[in-house]
Amino acid sequence: MQLLEERILTDGNILGENILKVDNFLTHQVDYRLMKAIGKMFAQKYAEAGITKVATIEASGIAPAVYAAEAMDVPMIFAKKHKNITMTEGILTAEVYSFTKQVTSTVSIAGKFLSKEDKVLIIDDFLANGQAAKGLIEIIGQAGAQVVGVGIVIEKSFQDGRRLIEDMGIEVTSLARIKNFENGNLNFLEADA
Ligand code: G4P
C-alpha cells in the first residue's frame, strides 16, 4: 500500500537493530485518515469472503481493526490482555508470549461474541514473531469459528510470524512488508495489497 509505505518512510524511526517506531500515526497518536484507507484496503481484499467479525488484540490493533470493521459493516472484537471484573463467564483464553517484551500474557475474549457461524478476519498493527496472531487464532478456534485471514499493517518479514501463520493454512495480507533495516534505512518487499 503505497500511502502507508510513504508514511513509514517519512515518519517511522528505526530503533536499535529491528524495531520501527511509528507512534505518530499508528501505535500512540493515530492518523484516522490513514487508518480509514487501511480499513478500506482490507475490506476490498476480503470483499467476497463473507467476513462476519473483525478481531484484534488491544491496544494498537484496535485503530486499523475498527476501520476495517466499518468498511465491511461488521462488529470488531478486541481481545483483552487483562481480566476485567465484568468478564465473569464463558471466557476464551490463550497464552501469548512476547519475544520483544519477554513476558507471557493471557489474552481473552468473551465466548458470547463468537459462534460457529462466524468467519473472522484478524487484524493487527505489527506482525513480528506471530505470537499475538497465533493466540487469536487459538481463541477463535475454541469458539468453533473460522479464521479467514490475517490482515497486518506492518510486517517485519525478516522475523518468523508470516511463516507461522501460513503453516497453519491461513492467508496473511500485509499492507507493508519490511525486508530489513540497513544503516538506518529500511527496505520493503512487495506488499500483499
Ligand atoms: P508477535 O506478536 O508478532 O509475536 O510480536 P512480538 O512478541 O515480537 O511483539 C510484541 C509487541 O511488540 C506487540 O505489541 C507488537 O505489535 C510490538 N512490536 C513488534 N515489533 C515492533 C516494532 O518493530 N515496532 C513497534 N512499534 N512495535 C512492535 P503489543 O505488546 O501487543 O503492544 P500494544 O499493541 O499494546 O502496543
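Indexing begins at 1, ligand by ligand and atom by atom, following the structure's order. Hydrogens, waters and symmetry mates play no part in the numbers below; they use all other heavy atoms, side chains included.
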Trainee: Quick one: do Lys81 and Glu58 make a salt bridge, cutoff under 4.0 Å?
Mentor: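 Salt bridge: no.
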Trainee: Work out whether the distance between some heavy atom of Gly130 and some atom of ligand 1 is less than 4.0 Å.
Mentor: yes
Trainee: Looking at ligand 1, does Lys81 have a heavy atom less than 4.0 Å from it?
Mentor: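 Under 4.0 Å: yes for Lys81.
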Trainee: Return yes or no for this condition: an N or O of Lys101 is under 3.5 Å from an N or O of ligand 1.
Mentor: yes
Trainee: Has ligand 1 got any nitrogen or oxygen that is less than 3.5 angstrom from a nitrogen or oxygen of Ala133?
Mentor: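 For ligand 1, there is no N or O atom that lies under 3.5 Å from one belonging to Ala133.
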Trainee: Charged N to carboxylate O under 4.0 angstrom, Lys21 versus Asp11?
Mentor: no
Trainee: Applying a heavy-atom cut-off of 4.0 Å, say which part of Glu58 lies close to ligand 1: side chain, backbone, both or neither.
Mentor: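 The answer is the backbone.
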Trainee: Can you see which heavy atom on Phe158 is nearest to which on Asn180, and at what distance?
Mentor: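 Smallest interatomic distance, heavy atoms only, reads CD2-CA, 4.0 Å.
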Trainee: In the complex you have, is atom 17 (C) of ligand 1 within reach of the protein, judged by whether a heavy-atom distance drops under 4.0 Å?
Mentor: no
Trainee: Is Ile57 near ligand 1, meaning one of its heavy atoms is under 4.0 Å from it?
Mentor: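 Checking ligand 1 against Ile57, which is what was asked, there is no heavy-atom contact under 4.0 Å.
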Trainee: How far is atom 21 (C) of ligand 1 from its nearest protein heavy atom, and which residue and atom name does that atom have?
Mentor: Lys156 NZ, 3.5 Å
Trainee: Nearest to atom 11 (C) of ligand 1, what protein heavy atom do you find, and at what distance?
Mentor: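 For atom 11 (C) of ligand 1, the nearest protein heavy atom is Ser98 OG, 4.3 Å.
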Trainee: Between Asp31 and Arg7, is there a side-chain N and carboxylate O pair less than 4.0 Å apart?
Mentor: yes
Trainee: If you measure from each heavy atom of Asn18 to ligand 1, is any distance below 4.0 Å?
Mentor: yes
